[in-house]
Amino acid sequence: MEQEDRIALFLDYENLALGARDHRGGAAFDFRPIADALAERGRVVVRRAYADWSFFDEDRRMLTRSHVELIEIPQRMGASRKNAADIKMAVDAIELAFERDYISTFVICSGDSDFTPLVHKLRELNKKVIGVGVEGSTSALLPPACDEFLYYDRLEGVDIPPTASRRGRPARQPGPGQRPPEPEQEEREQEAEGRPVGEEPGRDVDALAVLVAQTVAGLQGSASGEVTASRLKRTLLRKDPTFSESDYGFRTFGELLRHLAGHNVVDLAEGPAKGDPEVSLPEHGDREVAFGLLRSVVGDLGSAGNPVALSGLKNQLRRARPDFSEKKLGYRSFLQFCKAAATGGAVDLRWSPEADDYLLTAQG
């Protein structure tokens, strides 16, 4: 039986509650989405929240029902109260890391960059660290320090705050003899003004395809053994601790991989464990088509067998095929793609000191 992670949860409650209020249209902080997200990652054995609870009376009852231990930080003036809570939380986390060897994961719920040294020390002690923070109030320094970072706003069960109308601008009223605007017209006007019509759109799936292809290529080239879906997910999180497939509209990482496989970005095969397929880059398909495109463009530009310079060649490929991207094929640069095409016999590639550039000639 696989050993599940033991998780210790520490909440800098004032940071979370005020961050949710100030950056989510006054919405109250709800602990349940965090609890649900952690339940999917392991068994939470410690739950502690730090604050001056005289300021959060309603929240205290909500947290108590969720079995969170409330650590009282006596009221002080201004920053000294904040520092007292931060120091107490850091000391308790380090103490627990030494005293409870079975705790494998620490969850630091705060967007404060002051906790970055704590995260580094916990990882130095071989503990996995997950951060949680409100997106608008989280320091840019904290997420990259963690093994994984969850933005509270994106968690399942967190309501999307209503879009506030522009200040000082009254709603348009139809004039005499005018019909009310149609819903489609209102949506077009909102889009023109830069305001979202409904739910926030997902991130660019094409950019995700590039990231996945590059990561798979790197794992295949730098490590032994097959690249499994679980290993790929861990590597993506190391590159970007805020990565989540749900941000791109997918319910699971497996669903995301099946989507990319359907678009010939990756190939999936049966892996060593059920539900953990092996992931690889396609050996043929789009890659061979891209090599053929390169050979064709080089042949057209270099009529009568004249060589074509590498500089500016990528733009010529995009004129013939606007969606061309060597990164979607797993190559980190256009030069690397051309070297692969030369290895495959599509073109001849050589360095010219006179031209101070690589020169290509179509083959076959």
Kindly determine whether Phe334 and Lys339 satisfy side chain to side chain contact (heavy atoms under 4.5 Å, CB included), including the steps that lead there. CA-CA 9 Å; Phe334 185 64; Lys339 287 181 177 179; over 6 Å; no
Thr64 and Arg61: side chain to side chain donor-acceptor pair (under 3.5 Å), yes or no, with the steps? CA-CA 5 Å; Thr64 301; Arg61 285 190 283 271; over 6 Å; no
Evaluation steps, side chain to side chain contact (heavy atoms under 4.5 Å, CB included), between Leu142 and Asp112: CA-CA 7 Å; Leu142 188 59; Asp112 194 339; 5.9 Å; no
Begin from the C-alpha positions of Asp267 and Val279 and carry the test side chain to side chain contact (heavy atoms under 4.5 Å, CB included) through to its verdict. CA-CA 6 Å; Asp267 280 341; Val279 187; over 6 Å; no
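Residues Pro353 and Trp351 come closest through the heavy atom pair CD-O, 3.7 Å. Across every non-hydrogen atom of Ala145 and Thr116, the tightest pair is CB-CG2, 3.9 Å. Closest approach of Ile7 and Ile103 over heavy atoms only: C-CG2, 4.5 Å. Of all the heavy atoms in Leu16 and Cys109, the pair that sits closest is CD1-CB, 3.5 Å. Taking all atoms of both residues into account, the shortest heavy-atom contact from Val347 to Val298 is CG1-CG2, 4.5 Å. Of all non-hydrogen atoms in Ala290 and Phe324, the two that sit nearest each other are CB-CE1, 4.3 Å.
A 4.5 Å side-chain heavy-atom check between Phe106 and Leu118 finds every atom pair outside the cut-off. In this structure, the side chains of Lys233 and Glu245 come closer than 4.5 Å at one or more pairs of heavy atoms.
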Could you pull out every donor-acceptor pair under 3.5 Å between side chains of residues 305-315 and any protein atom, sequence neighbours left out?
| from | atom 1 | to | atom 2 | distance (Å) |
| --- | --- | --- | --- | --- |
| Asn306 | ND2 | Ser303 | O | 3.1 |
| Ser311 | OG | Asp357 | OD2 | 2.6 |
| Lys314 | NZ | Glu326 | OE1 | 3.1 |
| Lys314 | NZ | Glu326 | OE2 | 3.0 |

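No hydrogens or angles considered: nothing links the side chains of Thr228 and Arg231 as a donor-acceptor pair under 3.5 Å. A donor atom on one side chain and an acceptor atom on the other are found under 3.5 Å apart for Ser110 and Asp12. Remark: the Asp30 side chain and the Tyr152 side chain contain no N/O donor-acceptor pair separated by less than 3.5 Å.
Glu135 has a carboxylate O that lies under 4.0 Å from a charged side-chain N of Arg154, or vice versa, which qualifies the two as a salt bridge.
Residues Phe243 and Phe149 keep their aromatic ring centres 6.0 Å or farther apart. For an aromatic pair to be called close, the ring centres must be under 6.0 Å apart, and Tyr50 with Tyr13 fails this.
Within the structure, the salt bridge (Lys or Arg N to Asp or Glu O under 4.0 Å) test picks out the following pairs touching residues 120-134 (sequence neighbours left out): Lys121-Glu124, Arg123-Asp147.
Note on Phe115: it clusters hydrophobically with Leu125, by side-chain heavy-atom contacts below 4.5 Å among ILVMFWY residues.
The main-chain N or O of Ile71 is found under 3.5 Å from a side-chain atom of Trp53 such that the two form a donor-acceptor pair.
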